Each structure stands twice: as structure tokens, then as C-alpha cells.
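Since the structure comes first, as C-alpha cells, the remarks are kept for the end.
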Amino acid sequence: MLLQNSIGARTAGNGGSAPASGSFGARLRYLRTVKGLSQAEVASCLGVSKPAISGWEKGRTRPKNARLGALADLLGVSQFDLMEEPPPVAHGDVIARSRIQIAQKLGVELNKVRIIIEF
């Protein structure tokens, strides 16, 4: 099976970095998804409820300062990085994660999934 994604022109910007976001919730959601963690997994590791994680990501509430260290450790970033802009993600990381997700959803072997991007 060959999947192809055609992009007509080079995209402007920072070569694969995440979109800039000023909110803590958006950074948390971004970092969580980059690590491949679900809200339920984060909640379980921190000893909070899944709705708590959802509330943090939607900006309704914020974690207590005492939990920020554990959250940052879980996400593999410093507390400063958790509170600042998300780190850039390399194109290869995005493509690799996408291939895995496609293979799992379609029930095929990973080596049967190819993603081609034309510039």
C-alpha cells in the first residue's frame, strides 16, 4: 500500500517546528502528544483524574505547582520548557509516528507503509 501526501510548495517557517502557542494548555497537549501519551496515561502517572488533564489542556484549570515537576519529568522537559513554547519536532519524527499510526489503523506491517512528500 502506498500513501502519498503531495505538497505543492515548500512551507514557510521553521522547518517542522510546532506552531507557536502562548497557552500552557496548548503546550501541555502538544508535549503530551509528541510523547505519544493519552490524557488517561498522564492522569494515571500523576495520580489525578483524566478530566483534570483535559481541564489543564483546555485552560479551565492549571496544575498545582507541586505537580509541575512530575508533569515536566513525565513529558521529558524542564519545568521552564513546560511553561514556555513547545520544542521543535523534526520532520522524521512526525513521519515515523504517522507511519506507525497508519499501520496500526489499517492492520498492516509497518514496512508496508510509505509516506512520500513532494516539494
Side-chain angles (χ1 to χ4, degrees):
M1 179 180 294
L2 178 64
L3 301 175
Q4 185 168 338
N5 181 7
S6 297
I7 300 173
R10 291 189 184 272
T11 55
N14 49 13
S17 296
S21 173
S23 79
F24 169 80
R27 283 189 297 279
L28 172 57
R29 181 174 39 254
Y30 170 78
L31 292 167
R32 176 181 60 78
T33 57
V34 165
K35 287 293 274 189
L37 297 169
S38 69
Q39 288 181 343
E41 290 168 325
V42 173
S44 176
C45 289
L46 297 178
V48 300
S49 67
K50 183 178 174 239
I53 305 300
S54 176
W56 298 349
E57 290 184 358
K58 292 181 178 177
R60 290 189 308 254
T61 60
R62 300 267 312 237
K64 295 180 180 179
N65 287 338
R67 291 208 197 281
L68 287 176
L71 181 58
D73 289 344
L74 177 64
L75 299 173
V77 297
S78 69
Q79 286 187 41
F80 179 79
D81 289 336
L82 181 59
M83 303 306 290
E84 292 299 316
E85 292 298 314
V89 174
H91 291 298
D93 294 340
V94 172
I95 292 169
R97 276 194 324 273
S98 298
R99 286 183 64 229
I100 292 168
Q101 290 173 347
I102 291 167
Q104 289 172 344
K105 293 287 182 184
L106 297 175
V108 299
E109 294 178 26
L110 183 59
N111 64 354
K112 300 292 183 184
V113 177
R114 294 184 195 171
I115 297 176
I116 299 172
I117 301 171
E118 296 179 358
F119 286 94

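As the structure is a computational prediction, the values presented were derived from the model and not from experiment.
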For this session: Not counting sequence neighbours, list each pair that qualifies as a side-chain hydrogen bond (donor to acceptor under 3.5 Å, both in side chains) and has a residue in residues 44-62.
Result: Arg32-Glu57, Gln39-Glu57

Exercise. Would Ile115 and Val108 show up in the same hydrophobic cluster when neighbours are defined by side-chain heavy atoms closer than 4.5 Å?
Worked result: yes

In Å, rounded to the nearest 0.5 Å, how long is the span from [atom1] of [X] to [atom2] of [Y]?
X	Y	atom1	atom2	answer
Leu31	Leu37	CG	CG	10.5 Å
Ile102	Leu110	CD1	CG	10.0 Å
Asn111	Arg99	CG	CZ	8.0 Å

Seminar exercise, completed: Smallest heavy-atom separation, Gly36 atom then Glu41 atom, equals O-OE1, 3.8 Å

Problem set entry | By side chain to side chain contact (heavy atoms under 4.5 Å, CB included) - contacts of Leu68 (at least two apart) | Phe24, Pro63, Asn65, Gln79, Leu82, Met83

Exercise. Counting N and O atoms only, with roles assigned by atom type, does the side chain of Gln101 sit under 3.5 Å from a partner on the main chain of Ser98, one being a donor and the other an acceptor?
Worked result: no

For this session: Please examine the side chains of Leu71 and Leu28, heavy atoms only from C-beta on, and report whether any two atoms are closer than 4.5 Å.
Result: yes

Problem set entry | Val42 side chain reached by Val48 side chain, heavy atoms, under 4.5 Å | no

Problem set entry | Leu75 and Val34: CA distance, side-chain angles, deciding distance, side chain to side chain contact (heavy atoms under 4.5 Å, CB included) verdict | CA-CA 9 Å; Leu75 299 173; Val34 165; over 6 Å; no

